[in-house]
2 protein chains.
Amino acid sequence: MHNAVILSIGDEILRGKIVDTNFAYIAKQLYLMGLNVSAHYTFPDTEEWICAGISEAAERAEIIILTGGLGPTRDDATRNGLARFLGRKLVLNQRVAKKICDFFSRRNIEMPENNLVQAYLPEGAVPMENNEGTAPGIFVKYKSKMIFLLPGPPREMMDVFKSVRLILQKELQLKPKSFATFKTIGVPESLIAEWIGEIELPESVDVAFYPSLSGVNIYIKSDSSDAIESAENILSKKLQNYTFAREENRKIEAVIGEILRSRNETLAVAESCTGGMLASRIVDISGSSDYFLGGVVSYANSTKINILGVDEKTLSRYGAVSKQVAEQMAIGVKNRLGSTYSIAITGIAGPTGGTPKKPVGLVYVSLSAADKTYVRKYNLVGGRNAIRTRSASAGLNMLWCKLKFGDIENYPFQDGGKFC
Amino acid sequence: MHNAVILSIGDEILRGKIVDTNFAYIAKQLYLMGLNVSAHYTFPDTEEWICAGISEAAERAEIIILTGGLGPTRDDATRNGLARFLGRKLVLNQRVAKKICDFFSRRNIEMPENNLVQAYLPEGAVPMENNEGTAPGIFVKYKSKMIFLLPGPPREMMDVFKSVRLILQKELQLKPKSFATFKTIGVPESLIAEWIGEIELPESVDVAFYPSLSGVNIYIKSDSSDAIESAENILSKKLQNYTFAREENRKIEAVIGEILRSRNETLAVAESCTGGMLASRIVDISGSSDYFLGGVVSYANSTKINILGVDEKTLSRYGAVSKQVAEQMAIGVKNRLGSTYSIAITGIAGPTGGTPKKPVGLVYVSLSAADKTYVRKYNLVGGRNAIRTRSASAGLNMLWCKLKFGDIENYPFQDGGKFC
């Protein structure tokens, strides 16, 4: 397999001022092209470091991609670092110089003199078109290595990456790679790992897990498309009750939304400890107004009573964090907003507010449908934010199961919990 | 200055499945502690690579921080990589083992056997507490190097980082008072930079800006505590109308909450395009039940009418995204929940739903107080999530100004906007 090393350049990244999203973008593009990213470095923006970075990358990979440090200021040393590594001079590329001048004259701005620096390329290097800015990408072949320099601003980087893709496809005569994704909810990573350990998958198949507070993603990859097909068949069966999506960027909120939309059904939520987080996740899906009617953040008891119609006696008898109140919140919001389904959450997110009988992490999640109202009791762990996120995920987990299986009492759920 | 190298471990990062935010977090924390991050590597999760990564980092720095690869599956090789680098065995730490067992029994889940792997530490290494998950951090001193292993999930990493900070402060005898923080809201980074350029600060003082969707953080740093004191005096005056906090981890939601609590006042919110995000940010502060009564996510027009009492005619005449509806939402939720203040947000977060007259990014934010109801009109930029986050921040910005200054019409606000 062809190996690549990606090198991000910039003090701003090393000081944590910006999160480096370029690297993830490039890494993913290369992965999907069937190339292997063996390492990534972030180095300061000095000529010495950049030259050292390219040398170290060259020991590990035949493809070396740098981003950042192609601007017009003295902080921008990537061109010089490459020239030093190659032992070549920077020479003015007339075609690039003309393009830069045109860029400014089209915008009726006088060109700062510095900007011409961007037209200097190491001898033998080729510019790659940048339609989003003035710094061209730079490509150079050196011995058995292919070295690419991309600008740092993400839009410019992505534009120049189009040329990188074409060059790599041509130079390496790439065939498409086989891979598959399973996004699951309801089982912990360690249990999935145990299952997969017990299954016989084709040897060439590589399996990776990524757990989050909303489920576990499983990725499989192989050089052989037959092997992937066979592994896919086995895993789809084993994971059928837990897999909500097969595409990387698909969230459970979106899957639920699509089912609701197709059935002309609607959803409302009532949240206490999650305080709007569940609603916010649902609304994060563009187009959610088709099926999401809204919700009530009933943080205070008075709000539970006045807006949701929770019974005052129930509240004082069982407490706000109870099966009974969760149920009444779910039914209340469903009736008030007139939705097909509703989810209600009440719990103790901590760090304060816990008691021996009702400890931090105790959360009741209710799902109300036309035929039945369910409540599950959870004892969740983690900090305030983790407990809230897990609670919201638990609600989505219940709704997804209901939509998919009709009845949900025999299906397992994220983070344990029990029907009550 | 002390040098650090950060090493992120994981095929998921190298495949671009996830964006590595841990690195930015750690880099910033180290920078603020006065340490220099000289490089960052991302390596695959095999024992060989991890061992090689630590060796290479050791050539460049005395502080080596690894994140990721501490999970319970066979992908998780960081412990083994460290053991190989040290030339030591992994041994079971009984205390950690007990903690992991407790973690599962509290959740009423049977512990998968795999999980005990996390209790194995290289000989001579010390566990660091992780309150957010089962994998402890690991600290080991080796020759002149300090090596830290942190779990990959961000919430767990941040929790364990607290121990890293304490260990570094103690081992390196870092001076505590060599920097100061100003957390501001309401002015763009470029304007602050201009102001600070005009001010004469002591020469040894280094200024850094970290802009975010919720404001700009300004950090000043110096070896001299006198210089910092003098710079602090100057900047406190210049920035007094914009500085809501002087501590790194303090959020504007918390500052607002403290003022409300001290005055025995309460808050309610009504959200359309932010869809619960504002409520969720407020509830993220522990103890917010003292002053936050709750909110309504009035995503559908029917919810605006039925729960908030927005006038149907106003809705059809001006549209849901209008000054008039924002105002009625604010007044409606304030009356329904009986709060002292309310914030209401209605807008078009995109990417769909915009029109030439009401483009994506058009957002009305209303603040209602006893004396007056204000509405500001914003034209926000960015993707769906950025627009929603900026909208929520705008609401908090208005409320903070109202609480602090009494009248708000002469104060500037985050992301422009105009009273209407």
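As the structure is a computational prediction, the values presented were derived from the model and not from experiment. Residue numbers start from 1 in every chain, and the chains themselves are labelled A, B, ... in the order their sequence lines are given, proteins ahead of strands.
- Within the 4.5 angstrom heavy-atom criterion, no atom of B:N130 approaches chain A.
- No donor-acceptor pair closer than 3.5 Å links the side chain of B:T303 to the backbone N or O of A:G294.
- Once rounded to the nearest 0.5 Å, the distance linking CD1 of B:I6 with CG of A:L14 reads 8.0 Å.
- The residue from A:I307, A:V297, A:V296, A:N306 that alone fulfils the side chain to side chain contact (heavy atoms under 4.5 Å, CB included) condition with B:L337 is A:I307.
- Residue A:L293 holds its CG atom at 11.0 Å from CG of B:N301, rounded to the nearest 0.5 Å.
- Among A:A27, A:G383, A:P351, the residue with the largest count of heavy-atom pairs under 4.5 Å with chain B is A:A27.
- Neither the backbone nor the side chain of B:T266 comes within contact range of chain A, judged by heavy atoms closer than 4.5 Å.
- A:D290 does not touch chain B: none of its heavy atoms, backbone or side chain, sits under 4.5 Å away.
- Per-residue heavy-atom pair counts under 4.5 Å with chain B were compared for A:A279, A:A386, A:S38, and the maximum is reached by A:S38.
- Chain B forms the most heavy-atom pairs under 4.5 Å with one residue out of A:L191, A:D284, A:N217, and that residue is A:D284.
- Considering every non-hydrogen atom in both B:A24 and A:I18, the closest pair reads CB-O, 4.2 Å.
- Contact of A:I348 with chain B is not made at all, since no heavy-atom distance falls under 4.5 Å.
- Between B:H40 and A:H40 there is a side-chain heavy-atom pair separated by less than 4.5 Å.
- When the candidates B:N36, B:I13, B:T21, B:N131 are compared by the number of heavy-atom contacts under 4.5 Å with chain A, B:I13 comes out ahead.
- Contact of B:I282 with chain A is not made at all, since no heavy-atom distance falls under 4.5 Å.
- Residue B:K221 qualifies as enclosed at atom NZ: its count of foreign heavy atoms under 6.0 Å is above 12.
- Between A:V19 and B:V19 there is a side-chain heavy-atom pair separated by less than 4.5 Å.
- No other option in A:E271, A:E189, A:R60, A:E194 has as many heavy-atom pairs under 4.5 Å with chain B as A:R60.
- Atoms CZ and CZ, on B:R15 and A:F179 in that order, are 10.5 Å from each other to the nearest 0.5 Å.
- In this structure, the side chain of B:E132 does not engage the main chain of A:G382 through any donor-acceptor pair within 3.5 Å.
- The heavy-atom pair separating B:S286 from A:G350 by the smallest distance is OG-O, 3.8 Å.
- Both the backbone and the side chain of B:R106 come within contact range of chain A, judged by heavy atoms closer than 4.5 Å.
- With a 4.5 angstrom heavy-atom cutoff, A:S8 does not touch chain B via any of its atoms.
- At a 4.5 Å heavy-atom cutoff, the contact between A:F23 and chain B is made by side-chain atoms alone.
- Here B:T42 contributes atom OG1 and A:D20 contributes atom CG; the two are 8.5 Å apart, rounded to the nearest 0.5 Å.
- In this structure, a donor-acceptor pair under 3.5 Å is present between the side chains of B:S280 and A:R388.
- Of the two parts of B:A52, only the side chain, counted from C-beta on, holds a non-hydrogen atom closer than 4.5 Å to a non-hydrogen atom of chain A.
- Using a 4.5 Å cut-off between heavy atoms, B:I285 contacts chain A through its backbone alone, with no side-chain atom that close.
- For the options A:K28, A:R281, A:E12, A:K304, heavy-atom pairs under 4.5 Å to chain B are most numerous at A:K28.
- The residue among A:A268, A:A39, A:G295 with the most heavy atom pairs within less than 4.5 Å of chain B is A:G295.
- Of all the listed residues (B:R155, B:Q29, B:E156), the one sharing the greatest number of non-hydrogen pairs under 4.5 Å with chain A is B:R155.
- With a 4.5 Å cut-off on non-hydrogen atoms, B:P72 touches chain A through its side chain but not through its backbone.
- Proximity to chain B (any heavy atom under 4.5 Å) is restricted, for A:E56, to the side chain, taken from C-beta onward.
- Below 30°, between 30° and 60°, or above 60°: for B:F292 and A:Y299 the angle between ring planes is between 30° and 60°, a tilted geometry.
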